[in-house]
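Here's the structure, in structure tokens; my notes come after.
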Amino acid sequence: MPAHLRATCRSTGVLVLLLPALLTACTADRPAPPPTAGSADPAPAEVDAARDELAALAAAARDRHLTARYTLTGTDGPARDVTVTSAADGTWRVDVPGGALGGTADVSLAATADGLFQCGLPSAGRPEAASCVRLGDRDDAVPRRLDPRVQHPFTDWLEVLTDRRTPLAVSPATVPAGVAGTCYAVETTSASLNPPLDVGIYCYEPDGTPTYVRAALGTLTLAGPPGPAPGSAPLAGPVVNAEPLGLEAPTPSGSTGAGTS
């Protein structure tokens, strides 16, 4: 073979050997391709699923008619038994021991066809017979100065949980020991002086029975199997023309100032 051909073949062989290495180096310098749609973070889908599941359970709870007893803890004073009645006609009643007068008076909140009522129940801070005061129309909110807040998880907060337009973040939560059902952590996603509900943990059985709520109002735990609901929620006593019982303890009358001689 002539000398110039042998030189050409040697040059070609060197290029053949170097070409893969050059291609590899060029490829390594290129930026990584953007992730495809199939590799997106699955967390948002899980959050959306939790939101849908909770909305479905809250809708079932709105249609769930029962009489149930809940233990309220995590507030000032000892544990208390709260009685919840969700009647077949959509009326409701929630009895709250220690729900007024600084925890010394028991009250019942009820919404009937005639309106929204607060009823004072016989208790240490109010020994007289039960009587009720009308607070407004059936769908009105309980005034803040009278609101023990315990009734909300069984009434208006259920509507909030079913409304997908409400700015909420929902995620699965661990079920507390001894609690039945499925639990969700609920947070609000917008800053507001009047949030639509308390952030916390909300648990429901598949039929919509609330089994556990942990929020700013305290912890409510279902204390036993629910009973049947009445046709309509009855008021605890007759309606009277009087002032409702406030949350705060009354100021003692006849108190004397300091510095007497």
(message) Give me the atom names and distance for the closest heavy-atom approach of C183 to I201.
(response) CB-CG2, 4.1 Å
(message) Using a 3.5 Å distance criterion without hydrogens, assess whether the side chain of T85 forms a donor-acceptor pair with backbone atoms of W92.
(response) no
(message) Apply side chain to side chain contact (heavy atoms under 4.5 Å, CB included) to residues D147 and H152 and explain how you reach the verdict.
(response) CA-CA 10 Å; D147 190 359; H152 290 296; 2.8 Å; yes
(request) List the atom of A61, the atom of G208, and the distance in Å for their closest heavy-atom pair. (result) CB-O, 3.0 Å
(request) Please collect all salt bridge (charged side-chain N to carboxylate O under 4.0 Å, His left out) contacts where either partner lies in residues 87-97, sequence neighbours excluded, each pair once. (result) R93-D95
(request) Among L54, T209, T211, find the one that has a side-chain contact (heavy atoms from CB on, under 4.5 Å) with Y204. (result) L54
(request) Apply side chain to side chain contact (heavy atoms under 4.5 Å, CB included) to L220 and list each qualifying residue two or more places apart in sequence or on a separate chain. (result) Y70, L72, V82, V150, P153, F154, V213, L217
(message) According to side-chain hydrogen bond (donor to acceptor under 3.5 Å, both in side chains), does anything in residues 174-188 pair up with another residue at least two apart or in another chain? List the pairs.
(response) E53-Y184
(message) Tell me the closest heavy-atom pair linking G99 and P148, and the distance in Å.
(response) O-CB, 3.9 Å
Report, one line per pair, each donor and acceptor closer than 3.5 Å where one atom sits in a side chain of residues 116-133; sequence neighbours left out.
unit_1 : atom_1 : unit_2 : atom_2 : d
Q118   : OE1    : L245   : N      : 2.8
Q118   : NE2    : L245   : O      : 2.8
S123   : OG     : D106   : N      : 3.1
S123   : OG     : L121   : O      : 3.3
R126   : NH1    : G120   : O      : 3.2
R126   : NH1    : E128   : O      : 3.3
R126   : NH1    : A129   : O      : 2.8
R126   : NH2    : A129   : O      : 3.2
R126   : NH2    : S131   : OG     : 2.6

(message) Under the rule for salt bridge (Lys or Arg N to Asp or Glu O under 4.0 Å), what residues qualify as partners of D139, not counting sequence neighbours?
(response) none
(request) Output every pair passing salt bridge (charged side-chain N to carboxylate O under 4.0 Å, His left out) with a member in residues 62-73, not counting sequence neighbours, ordered by first then second residue. (result) R64-D207, R69-D81
(request) Please name the pair of heavy atoms, one in T219 and one in T221, separated by the smallest distance, quoted to 0.1 Å. (result) CG2-OG1, 3.8 Å
